[in-house]
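Taking it in order: structure first as structure tokens, then the write-up.
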Protein chains: 2
Amino acid sequence: MQDVAAAAGVSLGTVSNVLNHPAKVSPATAQRVREAIAQLGFVRNDAARSLASGSNSSIGMVLADIENSLFIDMVHGAQEAARATGSKLLLANTACDMTLQDEYLDLFDESRVTGMLLAPMQDSTAGIARVRAHGRQIVLLNFAPKRGTCCAVLVNNEQVGYLAARHLIETGRTRLAFVAAHDDYQPVRDRRLGVRAAVEEAGGRVVLEEIAAAGLTTADGHLAGQGLARRALEELPDGLVVVTDELANGIIHELHTVAGVRVPEQVAVVGCENNRTAGSAAVPLTAVDMPGRMMGQEAMRLLMDEVEAGERHRHATVVLEPELVVRASAPN
Amino acid sequence: MQDVAAAAGVSLGTVSNVLNHPAKVSPATAQRVREAIAQLGFVRNDAARSLASGSNSSIGMVLADIENSLFIDMVHGAQEAARATGSKLLLANTACDMTLQDEYLDLFDESRVTGMLLAPMQDSTAGIARVRAHGRQIVLLNFAPKRGTCCAVLVNNEQVGYLAARHLIETGRTRLAFVAAHDDYQPVRDRRLGVRAAVEEAGGRVVLEEIAAAGLTTADGHLAGQGLARRALEELPDGLVVVTDELANGIIHELHTVAGVRVPEQVAVVGCENNRTAGSAAVPLTAVDMPGRMMGQEAMRLLMDEVEAGERHRHATVVLEPELVVRASAPN
DNA sequence: CTGAAAGCGCTTACAG
DNA sequence: CTGAAAGCGCTTACAG
């Protein structure tokens, strides 16, 4: 920057002003400075910049699983919103590893980002507290914070389970099963509650079985599907609510393609999330849609509010409603 | 940090040494310092740190399309390799927008990352030159650099096309078509060359038709599939090489599910990339696999070599070989 | 509108 | 092994 100033025949402060407050500099001078910058190939040192100014216009987003298109949708939404405000979105993937998640939170913290977005798969109260203790803003995605300790954007996951189960009941299924794993993941717990509520609402004419899968992936679905396929047909549920699409696809594969149990005729299946994989499966999956893009947008909006409002800020939790998307695996 | 030093009763430099060169400090002192850090909730300011040291241990990865699981695989590979060396991987998604790509390259440049990984969808010579002019290292993924201007990890995309076409020819198909779009995307051009080479190799007994799609997505595939479905059966190719899996899935959907043209009996289809979607489609897709994870690992390795070797560094291009994965859409 | 000066919070030789 | 001092490259009042 010194060199630029010398080349343009102005002082250091003027170069800085051209970069940060162009209005304070006469157009002619600014032009000369800009030419010098271009000629010397000058790149402003962001470290010095944020050290001196105490700020940094990028915002960090920490994601538990970029493999899941729900998270990718959140990224898209957040990025659109960030772009509108002129800030840059930096991404970090933890692959569901809490150690890595903490490391990334600390990294963004140390680099003094404007704020953070966190979409975790487990309780992250400690990490959030650490970040917030340093005065840095953070908004939680798809996971409720501990008693109002920060802003959050949630989906009504109880409603996710409820919509899925109600659809099956309304289309005449009476022996439901809920297949899930990872009750330490809050959305799973909530979806379970919703399923139970829908069954209860139906009175005694609908029964619910709860089946534990080994995990949430397609491979876990294969296992669960094999388990179901070993049953006599009359002992099979006639409607399945499966806690994730991947898991549902795995089950359908085993049931329908391998074991020859017809989906949806003999067993109807509803997934949760409405992932990118849902529509293109062997039997297109009926699923309850999570509005990922909107979640990302809302989260960015909350974060920006918090950054701007400062002391006056009040934490808020936005709860978005899910929607049923009907496809072949559980038709109307 | 000043406060920490005071609390621990040592000087500033000692605190710094505890953080950066623990061996230089006596265990007892180090312990006292660490306690002070914990008590005060001190977070080292990364801006000051990298300003003073001139370095920054994170590396930036700029991706054209996080929607595509090939890119996600590259992330996984790069992250594993980064973790092994103790550096952090920061991600940025450009959504195929060259303006955004340039902005992110500049952002990482300004923040003085150790180095960058770039997986673009278009020629990025200008951006690469800009970054390199500032002395920052960058490795290209899945796109050949202009005449040895940087390190790169490529897949032999000609071989991708070749393997796809040869598989169809070997399984008895004689009227092939290559469906593609975006010849400005280098891998597309190379795959086309490979398909032509395989057809030529077969002599006169195999003919090749080249079909232009509107784009590379599933929706574009639907369009292309509709176009094919309108043809009389005897005018239909009996083997399709489709330049991406998504495009292939779209075509299969229209042909097989909508129009009732049987895949693979009447038309066999081979995709390129072997995306996450390939295996779970209505007709599981035979596809040529791109080794994304390995690409990411190799790219990190090249980058680290370059960072460490400094002046002595020679650019290198690693070309990985693809592999055919046979599924139902074009069986053996 | 412009320039000189202080300071952001660290790291790194260097002397003890 | 420890401490005092210089310097990293900017931004921001402040005086002109």
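Chain naming here is simple, since letters A, B, ... match the order of the sequence lines and numbering starts at 1 in each.
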V25(A) side chain, from C-beta outward: closest of dG3(C), dT2(D), dT2(C): dT2(C)
Evaluation steps, side chain to side chain contact (heavy atoms under 4.5 Å, CB included), between D102(A) and L105(A): CA-CA 5 Å; D102(A) 281 333; L105(A) 288 178; 4.2 Å; yes
R136(B) side chain vs V113(B) backbone, donor-acceptor pair below 3.5 Å: yes
From D73(B), L117(B), V318(B), V153(B), residue fulfilling side-chain contact (heavy atoms from CB on, under 4.5 Å) relative to M295(B): V153(B)
Below 4.0 Å: OP1/OP2 of dG3(C) and any side-chain N or O of T14(A): yes
Sugar-phosphate, base or nothing in reach of A23(A), heavy atoms under 4.0 Å: sugar-phosphate
Test side chain to side chain donor-acceptor pair (under 3.5 Å) applied to N142(B) and Y185(B), step by step: CA-CA 10 Å; N142(B) 204 32; Y185(B) 186 36; 3.2 Å; yes
For DNA chain C, the dot-bracket pattern of Watson-Crick and G-U pairs whose distances stay under 3.5 Å, | for other-strand partners: |||.||||||||.|||
Stepwise side chain to side chain contact (heavy atoms under 4.5 Å, CB included) check, M98(A) with M121(A): CA-CA 9 Å; M98(A) 286 303 273; M121(A) 285 285 257; over 6 Å; no
side-chain N/O T29(A) vs dC1(C) OP1/OP2, d < 4.0 Å: no
Sugar-phosphate or base contact per nucleotide [nucleotides 6-16 of chain C; S, B, -; heavy atom under 4.0 Å]: -BBBBBB----
Electrostatic pair E298(A):R301(A) at N-O distance under 4.0 angstrom: yes
Criterion salt bridge (Lys or Arg N to Asp or Glu O under 4.0 Å) on D109(A) and R130(A), from CA distance to verdict: CA-CA 9 Å; D109(A) 195 5; R130(A) 200 151 23 86; over 6 Å; no
Flag side-chain contact, heavy atom, 4.5 Å: L91(A) against Y104(A): no
